[in-house]
Visitor: 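The structure's right below; bear with me while I get my questions together.
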Amino acid sequence: MRSNVTNPLTAVRNLGILAHVDAGKTTVTERFLYATGTTHKRGEVHDGTTVTDFDPQERDRGITIFAAAVSCAWDGHRINLIDTPGHVDFADEVERSLRVLDGAIAVFDAVAGVEPQSESVWRQADRHGVPRIAFVNKLDRAGADLDTAVESIRQRLHPTPLVVQLPIGTEDGFVGVVDLLRMRALIWADGGDTAEEGPVPDALRDEAERRRRRLEEAVAELHPVALEEFCARSTLSAHTLASALRDLTRTGEGVVVLCGSAYRNRGIEPLLDAVVAYLPSPLDVPPVRGTHDGTEQERAADEQAPVAALAFKVSATATGRLTYLRLYSGTIRKGDTVLDTGTRRTERIGRILRVRADRHAELDRAVAGDIVAVVGLKSARAGTTLCAPTAPLLLEPPPVADPVVSVAVEARRSTDTDRLATALARLAEEDPSLVVRTDPETGQTLLSGMGELHLEVAVEKIRQSHGLEVAVGRPRVAYRETVVRGVSGLVFRHVKQDGGAGQFAHVVLDVAPLELELEVDGDGGGAPTGFVFRSTVVGGRVPQEYVRAVEAGCRDALAEGPLGGHPVTGLSVTLTDGATHSKDSSELAFRTAGRFALREAMRVGVMGLLEPVVDVTVTVPADAVGGVLGDLAARRGRVSDSVPRAGSVVITATVPLAELFGYATRLRSRTQGRGTFTTRPAGYAPAPVAVAGDR
């Protein structure tokens, strides 16, 4: 099954591994590398010996923090694999990875089923249209149940699960699987790395036949060719079934489900076979779309086409600055010149590297469909499009989430201030979800990110990589302001005369809360979000170009609200009337008028403060539930669900993010270290009057 053959595009698979934290993503990746002969020893997360979790912080914490790319070969196919983080604070790493992937494996814990972050990464993959197969891991654990896990996939993620395997044995007795396509048994002996193939055990034959029939019926309902054969023969051949499963996976109509235990190295080879059989090659996905001079263009995955590549990750290493690329079309070679479409600057590619986490193999060239790292690019960032200078194209960059937590950072020694600024700039360059800014009122340097852990990791990286002693202030969350009660008919005249041409603009605005869109909070309510601008001016009293200028000025005013200088959201502005001057009116004048008019409207209206809230899932022993519920209530949490599960209780609540600082330590002390929790952003909700008054 192993091969090191250089493959054409049809034999390339670009995929990621997605899951909730601790579901086993990194262990699956390690077993892939071992099964394909890429490594000769199985790495373990708990020993800190994994290939992809190579950063010291990842090994110390036992979690994946940074998306790591590896490459291996299986059955004549080249597999480019990205092991993504599972913690919610690093969801932006997952987003950037999904932007360049053709397929994914979603890993689920056989005991817990679909967990909060499993659902989040699944929705991210939905947005990017990435085909997936599912792997139910940890079937050797106490309480593991394939059917329960599959049902949670069906109920919470809403795909059609197409289960192609039946476990042999349960919990500690799990030794193998029945392949329902070929009706064969695969059994892994203790300590064995390769499955022994044999007939289906007699005790499981009837159950295997029932499940095979159920699989055929589910596929026939979704696939017209399979339905035709099923109606004619009342069964499906293994070839037709495999072909239909491939089609359904690539269209997203069905999700193939396999099972196993990555830790015990059981079920890995069939999973690799499924990757090759069902997930698409670069030729199976639609051509990448981009724009040039306002027109949309396509680039097919053809190595003879002009170069088009997207940078999705930047990393500073001891050997230089690495820029990770997905090459969509064309061929790049060492020494080639490429165009950064965003900055219109050309850059030279010094070296091309095949990546295996922190180790690299040098290549002479890379072709369409490849995921590689290049050395020599000085200004490229995550989201940068690189293309042939003679055929410019701008690809859509991956979206960057708005940071929700901020801390103040400063160097303990004043002589290190410049070094700290350099270190922070490099951090923001490598991770676009980190934002560095200076507070105009306090002069503090603020580092903003996606959560406490995100910021903690960033600060620790400064300490380890740059040898700096850093003082960190208490985290601050990103509040928003919104209109609670607006104003109608607000008149604002902007008149300025200081010699020469003056400025004149007259506008009349209605400002109201925006109720059309809601960010739902955990209690089923919601807070308004967004901004809508419209004009009802008639008779040409305000020309269209000045209407656009008024809208631009209003958007300028949204940057800071009157309560505490927070960004403003959730309001509707209507331009109802205005007047111009034949000589002194201009777009600048109307933009200025729009800005000051909206500021005045917010000052005389009633404003409210919004705070970020998160959905929290807490798993605690049954004897600690009371204390945990009381603590959540004290943190203004609203409990929405409480479900017993295998000796523990899973509590779901919505809690203001500001109240969760230090919660990990409090939870550990209340549960003797046995409690765990995860969070997921849930938008914004109105802050209580007391909180608003403190800001």
Side-chain angles (χ1 to χ4, degrees), residues 51-58 65-71 80 82-85 90 92-93 95-97 99-100 307-327 332-366 370-387 389 395 397-398 400 418-436 447 449 457-468:
V51 171
T52 52
D53 285 355
F54 57 86
D55 187 272
Q57 289 200 72
E58 293 178 309
I65 296 173
F66 310 106
V70 294
S71 186
N80 297 316
I82 297 180
D83 178 22
T84 65
F90 308 103
D92 218 50
E93 285 270 328
E95 191 77 26
R96 292 194 295 274
S97 299
R99 174 64 179 81
V100 299
V307 170
L310 185 70
F312 66 94
K313 182 178 174 67
V314 175
S315 177
T317 69
T319 57
R321 186 177 185 271
L322 294 183
T323 305
Y324 291 78
L325 302 178
R326 164 66 192 267
L327 191 59
I332 55 173
R333 296 176 174 84
K334 290 192 295 184
D336 279 359
T337 298
V338 292
L339 173 70
D340 180 337
T341 312
T343 63
R344 309 296 298 177
R345 294 176 54 183
T346 57
E347 300 218 52
R348 183 177 177 277
I349 294 175
R351 298 160 60 205
I352 304 172
L353 306 173
R354 178 79 69 196
V355 182
R356 183 156 70 84
D358 58 338
R359 304 174 190 175
H360 316 104
E362 194 153 344
L363 301 173
D364 291 327
R365 66 174 194 149
D370 269 337
I371 292 179
V372 295
V374 297
V375 180
L377 305 184
K378 297 179 181 178
S379 62
R381 304 287 187 267
T384 293
T385 301
L386 300 171
C387 59
L395 303 178
V400 179
D418 290 342
R419 290 179 60 205
L420 176 60
T422 302
L424 289 171
R426 179 170 293 180
L427 271 182
E429 177 183 311
E430 294 183 11
D431 184 352
S433 61
L434 287 171
V435 175
V436 181
L447 178 64
V457 166
V459 171
E460 188 60 31
K461 190 170 185 178
I462 293 174
R463 290 170 176 152
Q464 291 180 356
S465 302
H466 300 272
L468 289 170

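All of these numbers come straight from a predicted model, not from anything done at the bench.
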Visitor: Do Thr346 and Val338 make a side-chain contact, defined as non-hydrogen atoms from C-beta onward lying under 4.5 Å apart?
Guide: no
Visitor: How about Thr323 and Phe312: do any of their side-chain heavy atoms sit closer than 4.5 Å?
Guide: no
Visitor: Look at the side chain of Ser71 and the backbone N and O of Arg354, then say whether any donor-acceptor pair between them is shorter than 3.5 Å.
Guide: no
Visitor: Show the nearest heavy-atom pair for residues Ile82 and Ser97, with the distance to one decimal.
Guide: CG2-OG, 3.6 Å
Visitor: Donor-acceptor check, side chain of Arg321 to backbone of Leu377, threshold 3.5 angstrom: yes or no?
Guide: yes
Visitor: Output yes when Glu430 and Arg381 qualify as a salt bridge under the 4.0 Å nitrogen-oxygen rule, no when they do not.
Guide: no
Visitor: Might you point out which heavy atoms bring Leu339 and Arg344 nearest each other, and give the distance in Å?
Guide: CD1-C, 3.7 Å
Visitor: Would you please name every residue forming a side chain to side chain contact (heavy atoms under 4.5 Å, CB included) with Arg348, sequence neighbours left out?
Guide: none
Visitor: Do Arg96 and Pro432 have side chains that approach each other closer than 4.5 Å (heavy atoms only, starting at C-beta)?
Guide: yes
Visitor: Arg333: what forms a side chain to side chain contact (heavy atoms under 4.5 Å, CB included) with it, not counting sequence neighbours?
Guide: Thr331, Asp336, Arg365
Visitor: Quick one: does Asp370's side chain have a donor or acceptor within less than 3.5 Å of a partner on Val372's backbone?
Guide: no
Visitor: Quick one: SG on Cys387 to CD1 on Ile332, what's the gap to the nearest 0.5 Å?
Guide: 12.5 Å
Visitor: Regarding Arg426 and Glu429, does a basic nitrogen lie under 4.0 Å from an acidic carboxylate oxygen?
Guide: no
Visitor: Between Glu347 and Ser379, is there a side-chain donor-acceptor contact under 3.5 Å, judged purely by atom types and distance?
Guide: yes
Visitor: Name the residue from Glu460, His466, Lys461 that meets the side chain to side chain contact (heavy atoms under 4.5 Å, CB included) definition with Gln464.
Guide: Glu460
